[in-house]
Participant: 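Input: one structure, supplied below.
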Amino acid sequence: SQQGEEDPQALSIQEGENATMNCSYKTSINNLQWYRQNSGRGLVHLILIRSNEREKHSGRLRVTLDTSKKSSSLLITASRAADTASYFCATDANTGNQFYFGTGTSLTVIP
Amino acid sequence: EPEVTQTPSHQVTQMGQEVILRCVPISNHLYFYWYRQILGQKVEFLVSFYNNEISEKSEIFDDQFSVERPDGSNFTLKIRSTKLEDSAMYFCASSRNRRDQETQYFGPGTRLLVL
């Protein structure tokens with residue numbers, strides 16, 4: 001299946017530190033997106049990176065994509081307590097228009 | 001900024017009952033989706049909808065499920081006879097285009113509890 005897998009499953013850091021989460025997927029994609037989910041809440045879109053892009057920035061977020069390794073990473077710099085949430089990568093497939101979500105990384109930022 | 005809305009935010013129902021979950025997608029979007037997330041598990045695709053018909057559905061989306069766009073703004077998911085295992089958070093999403101590298105925007109979800 002196309003399912004993405006994030007690692008680590010859980011990450012706990014001190015406020016101000018950087019947090020890095022990784023996502024791996026199995027088949028070719030058009031794009032990869034990162035979403036954030038606060039506990040029991042909806043999914044908030046963070047950033048989209050296309051298959052022909054290698055790196056993208058948005059504020060304190062930096063996303064990389066390595067299509068040869070079928071992997072992506074999300075870096076949150078200078079983390080804040082408010083960044084505490086679960087982070088998911090979602091990939092499309094070259095056919096169809098559904099997203100496949102990974103299992104998520106649960107990030108805890110300790111004030 | 002436009003957003004996807006969903007109602008109700010929470011619903012409790014008895015096993016065997018029918019439920020209808022409602023969504024209002026972003027107004028200029030043409031593709032609509034339902035996903036679900038069982039507690040502690042990953043978000044799973046259910047169905048996509050375009051031009052008043054289902055364009056894709058997953059194995060989860062069996063005969064107990066149906067979707068409808070009854071008017072120009074609402075998009076609904078109906079579960080005809082709920083089972084205990086239907087308890088989950090249900091997310092609606094919409095996008096402007098199909099696979100044109102467009103973001104899917106998600107609603108806040110409806111938490112369904114089947115007793």
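In what follows, every chain begins at residue 1, and chains take the letters A, B, ... in the order their sequences are listed.
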Participant: Considering residues at least two apart in sequence or located in another chain, which fulfil the salt bridge (charged side-chain N to carboxylate O under 4.0 Å, His left out) criterion with A:R54?
Facilitator: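 Here no residue qualifies.
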Participant: Got a second to check how far A:Y100's OH is from B:K42's NZ, nearest 0.5 Å?
Facilitator: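 If I round to the nearest 0.5 Å, the distance is 11.5 Å.
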Participant: Check the surroundings of atom CG in B:L115: do more than 12 heavy atoms from other residues, nucleotides or ligands lie under 6.0 Å from it?
Facilitator: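 Yes, CG of B:L115 has more than 12 neighbouring heavy atoms, counting only those of other groups under 6.0 Å.
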Participant: Take atom CD of B:E59 as the centre, draw a 6.0 Å sphere, and report whether it contains more than 12 heavy atoms from other residues, nucleotides or ligands.
Facilitator: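 12 or below, so no.
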Participant: Could you tell me whether B:F106 and A:F101 have their ring centroids closer than 6.0 angstrom?
Facilitator: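 Under 6.0 Å, so yes.
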Participant: Checking side-chain polar atoms at under 3.5 Å, does A:Q37 have a donor or acceptor matched by the opposite partner on B:Q37?
Facilitator: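 Yes, a side-chain donor-acceptor pair sits under 3.5 Å.
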Participant: More than 12 non-hydrogen atoms from neighbouring residues, nucleotides or ligands closer than 6.0 Å to CZ on A:R80, yes or no?
Facilitator: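 No, CZ of A:R80 has 12 or fewer neighbouring heavy atoms, counting only those of other groups under 6.0 Å.
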Participant: Taking every heavy-atom pair that is under 4.5 Å apart, which of A:G42, A:G104, A:S106 has the most such pairs with chain B?
Facilitator: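 Most heavy-atom pairs within the cutoff with chain B belong to A:G42.
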Participant: Please list, chain by chain and in numerical order, all residues satisfying ring-ring contact (aromatic ring centres under 6.0 Å, His included) with B:Y90, sequence neighbours excluded.
Facilitator: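 In terms of ring-ring contact (aromatic ring centres under 6.0 Å, His included), with neighbours along the sequence ignored, B:Y90 is linked to no residue.
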Participant: Any link between A:L46 and A:L75 through a network of hydrophobic side chains (Ile, Leu, Val, Met, Phe, Trp, Tyr) touching at under 4.5 Å?
Facilitator: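 They do not share one cluster, since no chain of ILVMFWY contacts under 4.5 Å joins A:L46 to A:L75.
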Participant: Does B:Y105 reach the side chain of A:V44, with side-chain heavy atoms less than 4.5 Å apart?
Facilitator: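 They are not in side-chain contact.
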Participant: Where is the tightest heavy-atom contact between B:T103 and A:Y35, given as atom of each residue plus distance?
Facilitator: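 The pair with the smallest heavy-atom distance is CG2-OH, 4.1 Å.
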Participant: Around atom CZ of B:R96, are there more than 12 heavy atoms from other residues, nucleotides or ligands closer than 6.0 Å?
Facilitator: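 Atom CZ in B:R96 is not packed in, count stays at 12 or less.
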Participant: Select all residues of residues 60-67 of chain B having any heavy atom within less than 4.5 Å of some heavy atom of chain A, and report them by number, or 'none'.
Facilitator: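 Not one residue of residues 60-67 of chain B has a heavy atom under 4.5 Å from chain A.
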Participant: Compile the donor-acceptor pairs under 3.5 Å between side chains in residues 8-29 of chain B and protein atoms, sequence neighbours left out, one pair per line.
Facilitator:
{"unit_1": "B:H29", "atom_1": "ND1", "unit_2": "B:S94", "atom_2": "O", "d": "3.4"}
{"unit_1": "B:H29", "atom_1": "ND1", "unit_2": "B:S94", "atom_2": "OG", "d": "2.7"}
{"unit_1": "B:H29", "atom_1": "ND1", "unit_2": "B:S95", "atom_2": "N", "d": "3.4"}

Participant: Are A:Y87 and A:Y25 linked, directly or through intermediate hydrophobic residues, by side-chain heavy-atom contacts shorter than 4.5 Å (ILVMFWY only)?
Facilitator: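 Looking at the clustering, A:Y87 is in the same group as A:Y25.
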